[in-house]
Structure formats: C-alpha cells, structure tokens
Amino acid sequence: MNSNHHLLFLLILSTTAYGGESCNLIHQSVETFGEGGRIIDITHRITPNMPDFIRMPDSLGQFIWFVKTMRNGSIANFSKMKFHTHTGTHVDAPSHFFDHYLEAGFNVDTLDLDVLNGPALLVDVPRDSNITADVMKSLHIPKGVRRVLFRTLNTDRGLMFNKEFDTSYVGFMNDGAKWLVDNTDIKLVVYLYHINVVGVDYLSAAAYDHLASSHLVFLASREIILVEALKLDGVPAGTYNVHCLPLRMLGAEGSPIRCILIK
Ligand SMILES: *[C@@H]1O[C@H](CO)[C@@H](O)[C@H](O)[C@H]1NC(C)=O
Ligand SMILES: *[C@@H]1O[C@H](CO)[C@@H](O)[C@H](O)[C@H]1NC(C)=O
Ligand SMILES: CC(=O)N[C@H]1CO[C@H](CO)[C@@H](O)[C@@H]1O
C-alpha cells in the first residue's frame, strides 16, 4: 500500500464515520502504482463478468457476500468470498494434476517464493500458432532465464474480458511444454489464459488429452510453477522484476495470485 492508498483509506473511514459525503467518493482505478508508474499490475480484477472454467458457459457471477453490515448495526462491513481457487489470475501447485503431491503437501502454501519473485522476461509469441516446440525454438529465450511471461493472441483477443470461456485460447502444446522443460532453465511459466482443463467435458477429447499432458510435463518435476491468466495488455516486451504472491492456504492446489512487474 502506498501513501495515497493510506490516505484514501483514512478518507473513507472519516467520511463514513462522521457522516461525510461518501457518495461522492469514487476511487479512480489505476493500472500503475507508485512513483512514475514503476509498478505495473499484471493481475486481472476479479469481476462477476469474467470467464470461469468451472461455471462455463456462465461467467463467474457473484463472489462477494456481505455477512455483516454497518447498515444493520455492525461496527463494520464484513464480506465473505466464494470462488474456485483457479479464478482469474492464479497459480497452479504441482498437486493440481498429481494426487500424490496433494497428500505430500506440494500445495500453494509451500510454493517457492524465490521462484515466484525475481527477474523475468516478457516475450511475444507469434500470433498464428499455439506454443509448439518450433515456436519455443523461435523465441530464442537465453539460457539462464528462469521466469518467462508468454504474451499470445489471447491478449489481442481480450479473452479475459469476455464473459464466456473460450476454448480456442492459445496455450502450450505437448511438444512445446516438453521442449521448454528439456531445453531451458525456465522455472516460472506465465500464461495469459487458463490452460487448466478441469472442466474437461467442455473441450473436445483430443484437445483435452493434449493439454492435460502438457500440464503433466510441466508439473511432474515440481520445479516449474504455472501462473495463469495474467494481464499483459500494453506492457512492452522486455525484462522486469516479477513479484507474485499466492494466498497461503493449507491443502489447496491453486490460489488467486497478485502479480506485479517492476521496471
Ligand atoms: C440486513 O437487514 C435486513 C433487514 O432485516 C436483511 O434483509 C438483510 O439480509 C440484512 N443483511 C445483512 C448482510 O445482514
Ligand atoms: C490453438 O489450439 C486451440 C485448440 O486447443 C485451437 O482452437 C486454436 O485455434 C489454436 N490457435 C492457434 C492460433 O493456432
Ligand atoms: C454492502 C453493504 O451493506 N454495505 C454497507 C456498509 O456499511 C455502510 C455504512 O453503514 C453502508 O452504507 C453500506 O451499505
């Protein structure tokens, strides 16, 4: 939280507590924070209208409920949230596709924050293809790069801003995933859209088999962390420091995650 946010928070407190004109107070949402836009938020806002894998073809829908309100005599407003752990910008733990990893505790609460935070490369994937071995080769990602954010056609198509889940999204093909594992030092893979195939019966069998196997290739070693559905609109390709922090929930195989880039 920067000082502006503190200020705003105080402002809200004081206007509501002292009966000020809180109805005129509207937070202007921004995509960059801090001094000179140094921080780029690459996290999608969670909204009722965002696409949702589990609920497709419906969008996420209501996810916040107020359980106590000041209007009803409580000292503060309290809400609860409910959505599946792979909602919006989120991380997959190894246990997402491997049962024995779940029991062994390779879940979101034990993800390596050293992997989730550090220098990262944002690359543009050619827009005419899914991510195959040939595409991976053509990207010429230097050895030693451990974190890569792949921007694809999904961003151009604005898929995360559509209500309906779109199964024609671009993702890793099996050979692309295998090439990445075998030929690079990448440990953090960042997709622009859900590649999870939890709701498999909405995909054709062939696509499902392919994408499930890509997941298995990535997650088997437990060394690669998948962050999905990042918001990379308008961010120049290049090198940044990425910072991603999942919620620390015991026994969960996925978690919403807040990710930022720092120039
Ligand atoms: C607040 O009170 C109203 C009227 O009793 C009730 O309908 C509503 O459900 C309450 N809401 C909460 C969040 O407690
Ligand atoms: C990527 O693969 C999906 C099937 O999984 C397909 O619908 C889509 O057209 C492909 N995209 C491109 C750009 O080839
Ligand atoms: C959702 C909701 O009920 N919010 C309430 C929080 O508390 C303020 C102050 O009492 C109310 O104005 C809001 O309606």
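Both ligands and their constituent atoms are indexed starting at 1 by order of listing. Scope of the values below: all heavy atoms of this structure, side chains included, with no hydrogens, waters or symmetry mates.
- To the nearest 0.5 Å, atoms NZ (K178) and CG (N183) are separated by 9.0 Å.
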- Intermediate values then yes/no, side-chain contact (heavy atoms from CB on, under 4.5 Å), I225 and L116: CA-CA 8 Å; I225 300 178; L116 285 164; 3.8 Å; yes
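- Below 30°, between 30° and 60°, or above 60°: for H96 and H86 the angle between ring planes is below 30°, a parallel geometry.
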- Task: Assess whether side-chain contact (heavy atoms from CB on, under 4.5 Å) is satisfied between L139 and F150, documenting all intermediate values.
- Result: CA-CA 10 Å; L139 292 174; F150 294 91; 3.7 Å; yes
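- For N72, a nitrogen or oxygen atom sits less than 3.5 Å from a nitrogen or oxygen atom of ligand 1, counting backbone and side chain alike.
- Classification of D156 and R151 as a salt-bridged pair fails, no side-chain N sitting under 4.0 Å from a carboxylate O.
- Of all the atoms in ligand 1, the ones that sit under 4.0 Å from a non-hydrogen atom of T69 are 13 (C).
- Checking only distances, N130 does come within under 3.5 Å of ligand 2, N or O to N or O.
- Which parts of ligand 2 touch S168 is read off a 4.0 Å heavy-atom cut-off, strictly below it: atoms 7 (O), 8 (C).
- Of the inter-residue distances, the one linking E164 atom CD with S59 atom OG reads 9.0 Å to the nearest 0.5 angstrom.
- Shown in contact with F66 at under 4.0 Å from a heavy atom are these atoms of ligand 3, numbered in order with element: 1 (C).
- The protein reaches atom 11 (N) of ligand 1 closely, with a heavy atom under 4.0 angstrom from it.
- Set against the non-hydrogen atoms of T69, the atoms of ligand 3 under 4.0 Å away are 2 (C), 3 (O).
- Residue-ligand proximity, F66 to ligand 1, at heavy-atom distances under 4.0 Å covers atoms 13 (C).
- For the side chain to side chain contact (heavy atoms under 4.5 Å, CB included) with Y240, the lone residue among I262, L149, L122, I260 that qualifies is L122.
- In this structure, atom 2 (O) of ligand 1 has protein heavy atoms in its sub-4.0 angstrom surroundings.
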